Chemist: 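This is the structure I want to talk about, given as structure tokens.
FYI, side chains are in, hydrogens and waters are out, and symmetry mates aren't considered; it's all heavy atoms of this structure. If you read the sequence from its start, that first residue is 1, and numbering goes on from there. Fair warning: this is a prediction, and the values are worked out from it, not measured in the lab.
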Amino acid sequence: MTGLLGPAEIRELAARLGVAPTKKLGQNFVHDPNTVRRIVTAAGLTPDDVALEVGPGLGSLTLGLLPIAGHVHAVEIDPVLAGALPETAARYASADADRLTVHRADALRVAAAELADPPPTALVANLPYNVAVPVVLHLLAVLPTLRHGMVMVQKEVADRLVAGPGSKVYGIPSVKLAWYAQARGAGRVPPNVFWPVPNVDSGLVAFTCHEPPRSDVPREKVFAVVDAAFAQRRKTLRAALAGWAGSADRAAAALTAAGVDPGARGESLTVEQFAAIAASAPAGTPAAK
């Protein structure tokens, strides 16, 4: 990996483009080459991988991905940054610049057809803090070709994504990511590798995709149960799922049919148990929006 951006290059590039990081877009640019090398190495990419990067910004991580992956799709919502990225790749990674496709798009709305040439197999990204979880879940939902990934998010969010049943931080993000993939924490990243410096640590989350726990119940129905269970996490599932099922008695019946104690709480259930509840749902129960 050569031609990576350091603090001087980041500031020079930003000044030339007239770019000032905005909190609205969650922009914190990595300016430490060693952190980029760490992320790319931990992602376990091969030349057969097609990497998807969300929020490439000034191109720090992009330049690390280009020599390793067979192709890189970079999805950037900021028109100035999206327009400048091909030139940055040509300047710092000229031998690999033709492997880059830049998409000026919102990652929360991007569709598989927009990323089909070639289809991505790995998500590797420094995600904006404010949309990290929705972006990951959206991409896993619409991109069935994804096989694995490595994302950098706020440390608190990373802890939630990898938490297991019984943990105090286990919740909706934990269960929904578990529907798609097995996730693990891959380390902490200090604030001083970013510009501007955030007031929180970041964390790396690695995941490996797998088939859904059940094929006989739609994801949307399972996620509706998850949303209802954690909307009132201090309540028993019998009470928390009453609105979803139509009444507390109907919720209890669905829980019992699924082999789940109606007196349990959502934080104690696995994704497989949530799927079993959805499969036992009374007629007319809603799907997640």
Chemist: What orientation do W195 and F29 show, parallel under 30°, tilted 30 to 60°, or perpendicular over 60°?
Modeler: tilted

Chemist: Side chains of E76 and P56: closer than 4.5 Å at any heavy-atom pair?
Modeler: yes

Chemist: So, does R265 use its side chain to make a donor-acceptor pair with the main chain of R234 at under 3.5 Å?
Modeler: yes

Chemist: Between R109 and E114, is the closest basic N to carboxylate O distance under 4.0 Å?
Modeler: no

Chemist: Measuring from I39:CD1 to N34:CG, what's the distance to the nearest 0.5 Å?
Modeler: 11.0 Å

Chemist: Could you tell me if E53 and T62 have a donor-acceptor pair between their side chains, going purely by distance under 3.5 Å?
Modeler: yes

Chemist: Is L4 close to S60 at the side-chain level, that is, under 4.5 Å between some pair of heavy atoms?
Modeler: no

Chemist: To the nearest 0.5 angstrom, please state how far the CH2 atom of W179 sits from the CG atom of L140.
Modeler: 13.0 Å

Chemist: Less than 4.5 Å apart, any side-chain heavy atom of I277 and any of L269?
Modeler: yes

Chemist: Can any side-chain N or O of S174 pair as donor or acceptor with the backbone N or O of G171 at less than 3.5 Å?
Modeler: yes

Chemist: Keeping the roles fixed (side chain from S247, backbone from A242), state whether a donor-acceptor pair exists under 3.5 Å.
Modeler: no

Chemist: Checking side chain to side chain contact (heavy atoms under 4.5 Å, CB included) for the pair L100/V102: CA distance, chi angles, key distance, verdict?
Modeler: CA-CA 6 Å; L100 174 65; V102 180; 3.8 Å; yes

Chemist: Could you label the plane-to-plane angle of the Y170 and F230 rings as parallel, tilted or perpendicular, counting under 30° as parallel and over 60° as perpendicular?
Modeler: perpendicular

Chemist: Assess the residue pair M152 and F194 against the criterion (side chain to side chain contact (heavy atoms under 4.5 Å, CB included)); give the C-alpha distance rounded to whole Å, side-chain angles, the decisive distance to 0.1 Å, and a yes or no.
Modeler: CA-CA 12 Å; M152 182 159 59; F194 297 95; 3.7 Å; yes

Chemist: Indicate yes or no: at least one non-hydrogen side-chain atom of S167 is less than 4.5 angstrom from one of R160.
Modeler: no

Chemist: Could you state the interatomic distance from OG (S202) to CG (N126), rounded to the nearest 0.5 Å?
Modeler: 7.0 Å

Chemist: Between E267 and R233, does any NZ, NE, NH1 or NH2 come within less than 4.0 Å of an OD or OE carboxylate oxygen?
Modeler: yes

Chemist: Any donor-acceptor pair under 3.5 Å linking the side chain of H148 with the backbone of L123?
Modeler: no

Chemist: Could you please spell out the steps behind the side chain to side chain contact (heavy atoms under 4.5 Å, CB included) verdict for R219 and Y180?
Modeler: CA-CA 10 Å; R219 178 189 73 244; Y180 298 106; 2.8 Å; yes

Chemist: Can you tell me how far apart CG (L13) and NE2 (H31) are? Round to the nearest 0.5 Å.
Modeler: 14.0 Å

Chemist: Which atom names give the shortest non-hydrogen contact between F274 and V175, and what distance separates them?
Modeler: CD1-CG1, 3.7 Å

Chemist: Would you call R104 and D78 a salt bridge, taking side-chain N to carboxylate O under 4.0 Å as the test?
Modeler: no

Chemist: Are R147 and D48 ion-paired here, with the side-chain N under 4.0 Å from a carboxylate O?
Modeler: no

Chemist: H71 and T101: side-chain donor and acceptor closer than 3.5 Å?
Modeler: yes

Chemist: Are the side chains of V124 and V40 in contact, using a 4.5 Å heavy-atom criterion?
Modeler: no

Chemist: For the pair D261 (side chain) and G263 (backbone), establish whether a donor and an acceptor sit closer than 3.5 Å, ignoring hydrogens and angles.
Modeler: yes

Chemist: Less than 4.5 Å apart, side chain to side chain, heavy atoms only: is that true for L204 and V151?
Modeler: no

Chemist: Under 4.5 Å between any side-chain heavy atoms of P165 and S268, yes or no?
Modeler: no

Chemist: Shared ILVMFWY cluster between V75 and L137, side chains joined below 4.5 angstrom?
Modeler: yes

Chemist: Taking all atoms of both residues into account, what is the closest heavy-atom pair of G185 and V162, and its distance?
Modeler: N-CG1, 3.6 Å

Chemist: Under the criterion side chain to side chain contact (heavy atoms under 4.5 Å, CB included), I'd like the reasoning laid out for L115 against V110: C-alpha separation, chi angles, the key distance, then a yes or no.
Modeler: CA-CA 8 Å; L115 305 170; V110 73; 4.0 Å; yes

Chemist: Within a strict 4.5 Å, meaning less than it, do heavy atoms of the P262 and L237 side chains meet?
Modeler: no

Chemist: So does A122 get a backbone contact from the side chain of D49, meaning a donor-acceptor N/O pair under 3.5 Å?
Modeler: no

Chemist: With rounding to the nearest 0.5 Å, note down the distance linking CD in E12 to CG in L17.
Modeler: 8.5 Å

Chemist: Determine whether a donor-acceptor pair (N or O, by modelled atom type, separation under 3.5 Å) exists between the side chain of E9 and the backbone of G6.
Modeler: yes

Chemist: Taking R188 first and then E156, would you say they form a salt bridge - that is, a charged N and a carboxylate O separated by under 4.0 Å?
Modeler: no

Chemist: If every non-hydrogen atom of A228 is compared with every non-hydrogen atom of W244, which pair is closest and at what distance?
Modeler: CB-CB, 3.9 Å

Chemist: Is a side-chain donor or acceptor of R99 paired with a backbone partner of L66 at a separation under 3.5 angstrom?
Modeler: yes

Chemist: Considering non-hydrogen atoms only, spot the tightest contact between A51 and L65 and give its length.
Modeler: CB-CD1, 4.4 Å

Chemist: How close do P134 and V131 get, heavy atom to heavy atom, and via which atoms?
Modeler: CD-O, 3.2 Å

Chemist: Hey, what do you get for CG (D227) to NZ (K176), rounding to the nearest 0.5 Å?
Modeler: 3.5 Å

Chemist: Quick one: closest heavy-atom pair of L63 and T88, and the distance?
Modeler: CD2-O, 4.1 Å

Chemist: Taking T121 for its side chain and V50 for its backbone only, find out whether a donor-acceptor pair lies under 3.5 Å.
Modeler: yes

Chemist: Are V133 and V169 joined in one hydrophobic group, where the rule is that I, L, V, M, F, W and Y side chains link up if heavy atoms are under 4.5 Å apart?
Modeler: no

